[in-house]
Amino acid sequence: IGWFARIPRAERDAIFGLVEDFQKDTSKPKVNLGIGVFRTDEDKPYILKCVQKAEEKILKKRMDKEYSPVAGFEIFKKLSMDFTFGKSSVFNKPGRHVTFQGLSGCGGLSIAAQFLRMFYPGRKMVYISDPTWPNHQNLFNKLGLKTDTYRYYDAENISLDFDGMMEDIHKMPYRSIILFHASAHNPTGFDPTEEQWKEITEEVKKRKLYVIMDNAYQGFASGDLNKDAQSFRIMAKRRVNMVLVTSYAKNFGLYGERVGATSFLVDSKHEADKILSQLILLIRANHSNPPLHGARIVEEVFTDPCLTKLWIEELKIMANRLKSARKQLLQKLKETGSSRNWDFITKQIGMFSYTGLTKEQIIRLQKEFHIYMLTSGRLAIPGITSKNVEYVAKCIHKVTS
Ligand SMILES: Cc1ncc(COP(=O)(O)O)c(CN[C@](O)(C(=O)O)[C@@H](O)C(=O)O)c1O
């Protein structure tokens with residue numbers, strides 16, 4: 001068709017494009033360090049036991065398949081607020097938040113971005129960290145918000161560039177929109193300390209910034225639900241204006257079920273009713289009604305105390321698996337006799353390590369050794385197993401010596 005011919009080919013998605021390459025690669029061994037999806041030490045996907053038990057309970061109930069409410073079920077929204085801001089938060093009561101069930105983190109970010117583009121009175125742009133998750137810029141730009149960056153990573157010292165970050169926040173125009181990662185920063189794995197979050201919060205307030213808090217790893221980052229929530233709970237206590245976008249993909253292992261919760265903090269029931277009315281039309285224009293299954297699983301786990309207890313144990317198992325993979329990788333890299341200092345690998349937390357490897361080195365790892373990483377230097381820790389860690393370490397040493 002005529003006008004199709006003029007459409008330019010887009011570049012591939014950095015993450016899912018790499019997954020395709022990995023799947024097509026028939027050589028042995030091959031190692032996928034590209035995507036942030038949990039794997040056991042046997043390199044298998046992990047369906048949480050609490051999820052399996054929840055599904056058995058749901059199946060027995062023979063529930064219908066009617067449409068969910070456009071913003072999701074009340075019980076799911078309430079349980080999500082209890083999980084994120086906590087039962088005692090001043091915002092966890094009717095009239096102080098507007099929550100909807102989004103299609104996981106991406107879907108929540110997408111609706112929030114569209115809502116901000118439609119109604120935010122300030123500049124229609126978002127400050128995102130440098131570096132950040134590759135899809136942040138794509139998502140905001142596709143939805144009509146420009147993006148700019150704030151410093152976040154000190155490549156010299158392989159650490160958080162807290163001073164640079166604070167300087168950049170201090171320079172931001174009043175009422176700018178800024179995105180933070182709630183915990184387990186993707187891709188650096190460096191998070192501000194509790195004290196630093198307090199300093200960031202004061203600066204955010206001074207600049208009257210609007211915060212998009214991307215909460216993709218709560219509980220999964222450290223194994224501690226509350227520790228991983230400290231960033232946005234500190235900000236909420238100081239009444240920072242914020243929308244919190246929570247994903248249940250990683251901490252429930254519900255990646256493909258596309259379940260998450262997004263909460264706008266508001267000042268009054270009057271405001272809440274108006275915002276909800278606008279969100280409903282906006283959601284209707286996107287996916288209309290959120291999917292049933294994932295939300296029912298989350299609801300079962302949050303309401304059944306035995307399942308909640310099991311879930312918290314499994315979060316620790318997953319977080320510890322990643323911690324031990326980091327330790328093994330560091331150990332094996334040291335054993336190669338590499339002259340580099342790889343200590344940062346166990347200083348970073350969560351799903352990723354930001355290795356500082358160059359694009360050329362990463363291309364070599366892929367072409368010569370069939371080890372797949374993002375060309376940014378990001379290494380997805382779940383791809384490291386007891387079986388392949390020595391191979392990975394030796395190959396990294398080969399391309400860096
Ligand atoms: C910071 C951040 N925010 C949002 C998401 C979206 O997650 P979902 O929509 O599935 O809830 C991810 C997932 N990022 C990846 O783990 C990754 O960076 O590899 C991967 O799932 C992805 O979608 O790219 C993320 O890392």
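In what follows, residues are counted from 1 in the order of the sequence shown. FYI, side chains are in, hydrogens and waters are out, and symmetry mates aren't considered; it's all heavy atoms of this structure. Atoms within each ligand, like the ligands themselves, are counted from 1 in listed order. Keep in mind that this is a model prediction, so the values were computed, not measured.
No side-chain N or O of Asp191 forms a donor-acceptor pair with one of Ser183 less than 3.5 Å apart. Judged purely by distance below 3.5 Å, without hydrogens or angles, the side chains of Glu271 and Ser268 never pair a donor atom with an acceptor atom.
Every side chain to side chain contact (heavy atoms under 4.5 Å, CB included) that Ser27 has, sequence neighbours left out, goes to Asp25, His370. Scored by the side chain to side chain donor-acceptor pair (under 3.5 Å) test, Glu314 finds Tyr46 as partners (sequence neighbours excluded).
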Per-pair distances, 0.1 Å, donor-acceptor, side chain in residues 165-172, under 3.5 Å, sequence neighbours excluded:
unit_1: Glu167; atom_1: OE1; unit_2: Arg151; atom_2: NH2; d: 3.1
unit_1: Asp168; atom_1: OD1; unit_2: Arg151; atom_2: NE; d: 3.3
unit_1: Asp168; atom_1: OD1; unit_2: Arg151; atom_2: NH2; d: 2.8
unit_1: Asp168; atom_1: OD1; unit_2: Lys171; atom_2: NZ; d: 3.4
unit_1: Asp168; atom_1: OD2; unit_2: Arg151; atom_2: N; d: 2.8
unit_1: Asp168; atom_1: OD2; unit_2: Arg151; atom_2: NE; d: 3.1
unit_1: His170; atom_1: ND1; unit_2: Glu203; atom_2: OE2; d: 2.7

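Atom NZ of Lys269 has 12 or fewer neighbouring heavy atoms from other residues, nucleotides or ligands inside a 6.0 Å radius.
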Starting from the N and O atoms of ligand 1, find every protein N or O within less than 3.5 Å and list the pair with its distance.
unit_1: ligand 1; atom_1: 3 (N); unit_2: Asp214; atom_2: OD1; d: 3.3
unit_1: ligand 1; atom_1: 3 (N); unit_2: Asp214; atom_2: OD2; d: 2.7
unit_1: ligand 1; atom_1: 9 (O); unit_2: Gly105; atom_2: N; d: 3.3
unit_1: ligand 1; atom_1: 9 (O); unit_2: Cys106; atom_2: N; d: 2.9
unit_1: ligand 1; atom_1: 9 (O); unit_2: Arg258; atom_2: NH2; d: 2.8
unit_1: ligand 1; atom_1: 10 (O); unit_2: Arg258; atom_2: NH1; d: 2.9
unit_1: ligand 1; atom_1: 11 (O); unit_2: Ser104; atom_2: OG; d: 2.6
unit_1: ligand 1; atom_1: 11 (O); unit_2: Gly105; atom_2: N; d: 2.7
unit_1: ligand 1; atom_1: 11 (O); unit_2: Ser247; atom_2: OG; d: 2.6
unit_1: ligand 1; atom_1: 14 (N); unit_2: Trp133; atom_2: NE1; d: 3.3
unit_1: ligand 1; atom_1: 16 (O); unit_2: Gly36; atom_2: O; d: 3.0
unit_1: ligand 1; atom_1: 16 (O); unit_2: Lys250; atom_2: NZ; d: 2.5
unit_1: ligand 1; atom_1: 18 (O); unit_2: Trp133; atom_2: NE1; d: 3.2
unit_1: ligand 1; atom_1: 18 (O); unit_2: Asn186; atom_2: ND2; d: 3.0
unit_1: ligand 1; atom_1: 18 (O); unit_2: Arg378; atom_2: NH1; d: 2.8
unit_1: ligand 1; atom_1: 19 (O); unit_2: Gly36; atom_2: N; d: 2.8
unit_1: ligand 1; atom_1: 19 (O); unit_2: Arg378; atom_2: NH2; d: 2.9
unit_1: ligand 1; atom_1: 21 (O); unit_2: Lys250; atom_2: NZ; d: 3.2
unit_1: ligand 1; atom_1: 24 (O); unit_2: Trp133; atom_2: NE1; d: 3.0
unit_1: ligand 1; atom_1: 26 (O); unit_2: Asn186; atom_2: ND2; d: 2.7
unit_1: ligand 1; atom_1: 26 (O); unit_2: Tyr217; atom_2: OH; d: 2.7

